[in-house]
Structures are given as structure tokens and as C-alpha cells.
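Only one structure is covered here, and it is reproduced in the block below.
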Amino acid sequence: MVVTQLNLEFCFQGKKLRGFSCELTRSPHGVLPESFFTIMCQVVMPILLSGLCMMTAGLVMNTVQHWPVFVEVKDLLTLVPPLVGLKGNLEMTLASRLSTAANIGQIDDPQEQHRVISSNLALIQVQATVVGLLAAVAALLLGVVSQEEVDVTKVELLCASSVLTAFLAAFALGVLMVCIVIGARKLGVNPDNIATPIAASLGDLITLSILALVSSFFYRHKDSRYLMPLVCLSFAALTPVWVLIAKQSPPIVKILKFGWFPIILAMVISSFGGLILSKTISKQQYKGMAIFTPVICGVGGNLVAIQTSRISTYLHMWSAPGVLPLQMKKFWPNPCSTFCTSEINSMSARVLLLLVVPGHLIFFYIIYLVEGQSVISSQTFVVLYLLAGLIQVTILLYLAEVLVRLTWHQALDPDNHCIPYLTGLGDLLGTGLLALCFFTDWLLKSKAELGGISELASGPP
């Protein structure tokens with residue numbers, strides 16, 4: 001399919017036409033041209049910025065894990081991945097929806113822009129309140145399964161901290177996403193390339209910082225009998241107000257009715273990543289787990305969210321829900337077609353995959369400079385870490401292609417249904433692979449040390 005875009009600009013003086021200009025753009029690939037270099041330039045800076053923020057989030061987590069509230073209430077560590085993962089469930093989904101709306105011209109009209117923005121912001125407040133409460137319940141259940149002691153004060157602290165953190169983070173990041181998408185639209189930059197990584201980068205740092213401060217505040221005031229229940233009830237009471245505001249937009253009403261399963265399932269998947277984190281973070285052989293977890297999870301989530309948003313925009317522009325373009329008819333495409341063809345989505349997948357190793361090397365080096373010898377820096381661990389990052393992103397990019405096709409074929413919006421699953425899976429894959437890297441490195445070192453001891457013991461007296 002050849003696409004031709006004609007831009008006409010008319011100049012009026014009063015009611016008289018005084019001149020006009022036209023610009024013709026043709027593309028043989030079904031989308032307006034975006035070169036490898038253009039994609040790379042637009043993606044690199046947001047990814048680097050997001051990586052630095054996630055690295056900072058890792059350093060923050062490495063510090064706050066020793067705070068009294070995190071030491072005494074271990075389930076708070078289980079809360080970290082699902083709450084930080086809200087950036088994928090809510091903010092990155094919001095960024096993707098707004099980017100798609102901007103690219104297809106839905107927010108060009110001021111009145112329509114106000115309606116779209118207000119309904120979307122109200123929607124994420126409803127989702128944040130519900131998912132924040134469910135994340136606390138999931139953390140408590142996983143704690144019970146792990147045979148940890150549960151008391152009423154601990155339950156109240158977890159629920160109040162989770163709900164308040166989710167609400168504040170969703171509000172701050174939601175407003176920021178609106179500003180970024182509208183600004184990108186005015187500057188002529190594709191919001192798909194910058195909005196989701198910025199949402200992810202600041203999401204990790206802001207959410208983790210808010211969780212640490214809020215939980216510490218409630219921990220200091222745990223003797224105030226009614227404080228934490230009152231916080232939970234107040235936010236529950238505000239939920240109907242957000243629902244009324246969100247109902248201004250028919251597409252948002254559809255999400256309110258049918259969009260809960262993806263974000264709840266993604267939260268459950270992320271909670272298992274949190275369980276892995278809480279069980280490994282205090283063990284000596286996993287030293288550095290707190291620093292690297294936000295980085296590896298965040299990089300994978302960022303890259304797959306960009307790709308998902310781009311494919312979703314492509315389908316919104318050139319197809320109708322339920323109908324896949326001819327070149328995307330297969331639900332399970334050959335992995336080579338995902339990474340090695342001349343199609344625009346394959347080109348962006350290659351760009352994103354190429355960023356994995358240099359990006360992780362930069363972040364690893366900066367962490368090593370800041371933390372010094374407290375971070376494992378053996379060549380074996382670095383190789384294992386880079387390999388884990390590549391495996392994670394390759395799996396996620398391929399699954400993004402598959403999931404977007406499946407959801408579009410079912411006439412569902414990929415912006416709302418794919419990103420939560422993929423970022424939740426990215427958290428689980430990232431945490432699991434990272435723990436495997438630490439364990440493998442420790443195992444190899446132990447074998448080498450045992451080999452050295454046995455050589456000394458068998459040597460001449």
C-alpha cells in the first residue's frame with residue numbers, strides 16, 4: 001500500500017483567499033517515512049534519561065531497604081514491583097492512549113482535548129485506588145503463603161501506604177504525561193517515541209520515593225488508631241467522583257467496564273517478581289539486587305512499551321479494529337519477520353534491541369562509580385547481566401508483536417490491553433533473570449574457591 005499525505009495551508013485576509021501552500025509526502029511502506037536514524041535520535045535521549053532515573057530509583061531502594069519500616073514489614077518489599085509496575089498498568093498505558101489520540105488528531109480541537117484529558121486522568125485515579133488496594137492484599141496473601149506473621153497494624157499500614165502511594169504517583173505522572181504529549185505534538189515529535197519511556201523513568205523514582213516516605217510516616221504514627229483506616233476510606237469515597245468525570249468519554253467508559261482484567265493480572269504477575277525480590281534482597285550472594293532490579297525491569301518495560309505504542313498507532317491509522325493489515329495476518333509471526341524485515345515496526349524493533357547492551361553498560365558503569373566495591377563487578381556477572389537483558393527484551397518485543405495482533409483481531413485497543421501484560425511480564429522476567437545472574441555468579445565463584453582450596457590441600461607439604 002502506497003500512502004500519500006497532502007498538507008494544504010490557506011492564507012485568508014478577512015474572507016478572501018490570498019494564497020496557499022501545499023506539501024506532498026509519499027510512502028511506499030504504508031506509513032509516513034521514519035528512518036532508522038530518526039527513530040534512534042528520538043528514542044535514545046528518553047531511554048538514557050529513563051535509565052538514569054531508574055538507576056537513581058535503584059540507589060534509593062538500596063538505601064530505604066534498611067529503614068525500620070522495611071526491616072519490620074517485609075511485605076513492603078513485595079509491594080515494590082506491583083506499585084512501581086503501575087507505571088506500566090496506568091501511566092504508560094495513559095501515555096500510549098494519548099500518543100495515539102495525538103497522532104490521529106483527536107486532541108487538536110481544544111474542547112475535545114479537554115474532554116479526552118479530564119476523562120483519562122479521572123480513569124487512572126479510579127484504577128490507582130483499586131489496584132493499590134489489591135496490590136496490598138496480594139502482598140499480604142503472598143506473605144501468608146511464605147509463613148510470615150500478619151497483624152492488624154501491618155495490614156492497615158500496607159493498605160494505606162499502597163493506596164496513597166498509587167494515588168499520588170498516578171496524579172503526578174498523569175499530569176506530566178499530558179504535558180509531554182501535547183508538547184511533543186506541538187514540536188512535531190512523535191509522542192510514541194518519548195512519552196512512554198519518560199513515564200516509566202520518572203514512575204520508578206517517584207513511586208518508590210513516595211512509598212518510602214508514606215510508609216515511614218504511617219509507621220511513625222502506627223499508634224494512631226483511626227489514621228490509616230480513615231485514609232483508605234477517604235480514597236474509596238472519592239472513587240465515584242472519578243467515575244462520573246471519566247464517563248464523559250465513551251471509550252473511557254468501555255475501559256471502566258472491561259479494562260480491569262489486564263491491569264489486575266499484570267499486578268499479580270508483578271507481585272511474583274516482588275516475592276522473588278523480598279526473598280533475595282537480604283542474602284549476601286544477592287548483594288546489589290536492590291540496585292539492579294529497577295534498572296533491568298525498567299529498561300525492558302520501557303522498550304517494549306515504545307514498540308507496543310508504535311504498533312498500536314500503526315493499526316489505528318491504517319486499519320479498523322478487528323481487521324489486521326495483510327502483512328500482519330499471522331498471529332504468531334516468524335521471529336525473523338519481527339526483527340529482520342524492512343517494515344517500519346521491524347525497523348523500530350531493531351533500534352530498540354540495539355540499545356539494550358550499550359544502555360545497560362552505561363548504567364552499570366555509573367552504578368559502579370557511585371557504589372564502588374559494594375556492587376558485584378566481575379566480568380562473569382557483567383556478561384550474565386547483559387545476556388539476561390538481551391533475553392528479556394527479545395522475548396518482550398516478540399510477545400508485543402503477537403499480543404498486539406491478537407488484541408486487535410478481537411477488536412480490543414492494544415494501548416489498554418497489551419502494555420500492562422508486557423510490563424508485568426517484564427518485571428517478572430527481569431527480577432527472575434537478575435536473581436539467576438547473581439546465583440550463577442555466586443555458584444561459579446564458590447566452585448572456583450573450592451577448586452583452589454582442594455589444590456592447596458593436595459599440594460606438597
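What you see is a predicted model, and the numbers here were worked out from it, not measured in a lab.
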Suppose we screen for side-chain hydrogen bond (donor to acceptor under 3.5 Å, both in side chains). Which residues come up paired with Y219, at least two apart in sequence or across chains? E72
Carefully, step by step, assess T431 and M289 under the rule side-chain contact (heavy atoms from CB on, under 4.5 Å). CA-CA 9 Å; T431 310; M289 190 81 182; 3.9 Å; yes
Got a donor-acceptor contact below 3.5 angstrom from the S312 side chain to the T308 backbone? no
Using 30° and 60° as the class limits, which term best fits the ring planes of Y421 and F261: parallel, tilted or perpendicular? perpendicular
Would you mind reporting whether T129 and L238 have side-chain heavy atoms less than 4.5 Å apart? no
Apply side-chain contact (heavy atoms from CB on, under 4.5 Å) to residues V163 and V231 and explain how you reach the verdict. CA-CA 8 Å; V163 170; V231 168; 5.6 Å; no
I'd like to know whether R350 forms a side chain to side chain donor-acceptor pair (under 3.5 Å) with S346, so could you lay out the CA-CA distance, the side-chain angles of the two residues, the decisive distance to 0.1 Å, and finally the verdict. CA-CA 6 Å; R350 289 197 297 276; S346 179; 3.3 Å; yes
Would you compute the distance between atom CG of D413 and atom CD1 of I255 and round it to the nearest 0.5 angstrom? 6.5 Å
Heavy-atom side-chain proximity of V73 to S215 below 4.5 angstrom: no
Do the non-hydrogen side-chain atoms of P414 and L403 ever get within less than 4.5 Å of each other? no
Is it the case that the ring center of H417 lies less than 6.0 angstrom away from the ring center of W408? no
Got a second to check how far L324's CG is from L315's CG, nearest 0.5 Å? 6.5 Å
Atom pair CD/CG of Q392 and L434 - distance to nearest 0.5 Å: 9.5 Å
In sequence, state the C-alpha distance, the side-chain angles, and the governing distance for K445 and W442, and then conclude on side-chain contact (heavy atoms from CB on, under 4.5 Å). CA-CA 5 Å; K445 283 181 178 178; W442 172 78; 5.8 Å; no
Show your reasoning for whether side-chain contact (heavy atoms from CB on, under 4.5 Å) applies to L353 and V393. CA-CA 7 Å; L353 198 58; V393 173; 4.0 Å; yes
Atom OG in S209, atom CG in L205: separation rounded to 0.5 Å? 4.5 Å
Contact between I264 and W260 at the side-chain level, heavy atoms closer than 4.5 Å - yes or no? yes
In the structure I gave you, are the side-chain heavy atoms of L164 and F235 within less than 4.5 Å of one another anywhere? yes
Can a donor-acceptor pair be found, under 3.5 Å and without considering hydrogens, that links the side chain of T423 to the backbone of P420? yes
Heavy-atom closest pair (A246 atom, S119 atom, distance to 0.1 Å) is O-CB, 3.6 Å
Ignoring hydrogens and angles, tell me if any N or O in the side chain of S309 forms a donor-acceptor pair with the backbone of I306 under 3.5 Å. no
Parallel, tilted or perpendicular for Y385 and F381, by the 30°/60° rule? parallel
Do L52 and I366 touch side chain to side chain, with heavy atoms closer than 4.5 Å? yes
Is there side-chain contact between F218 and V69, with at least one heavy-atom pair below 4.5 Å? no
Could you give the distance from CD1 (I117) to CG (L94), rounded to the nearest 0.5 Å? 9.5 Å
Does atom OH (Y398) have a neighbourhood of more than 12 heavy atoms from anything else shown, all under 6.0 Å? yes
Go through it in stages, so that I can follow the logic: the residues are S378 and D441, the test is side chain to side chain donor-acceptor pair (under 3.5 Å), and I'd like the CA-CA distance, side-chain angles, deciding distance and then a yes or no. CA-CA 8 Å; S378 67; D441 183 67; 3.1 Å; yes
Treating T239 as the side-chain partner and A236 as the backbone partner, does any N or O pair qualify as donor plus acceptor under 3.5 Å? yes
R97 and L123, any side-chain heavy atoms less than 4.5 Å apart: yes
Separation between CG of L355 and CG of L48, rounded to the nearest 0.5 Å: 8.0 Å
Once you measure the plane-to-plane angle for H221 and F217, does it fall in the parallel (<30°), tilted (30-60°) or perpendicular (>60°) bin? tilted
Which heavy atom in A388 sits nearest to a heavy atom in C437, and how many Å separate them? CB-SG, 3.6 Å
Considering all heavy atoms, the nearest I311-V404 contact: CG2-CG1, 3.4 Å
Tightest non-hydrogen contact, residues V299 and F363, listed as CG2-CE1, 4.0 Å
Can you tell me which residue pairs pass the salt bridge (charged side-chain N to carboxylate O under 4.0 Å, His left out) test with a partner in residues 384-401, sequence neighbours excluded? E401-R405
Under the side chain to side chain contact (heavy atoms under 4.5 Å, CB included) test against M55, which residue among V370, I291, I367 passes? I367
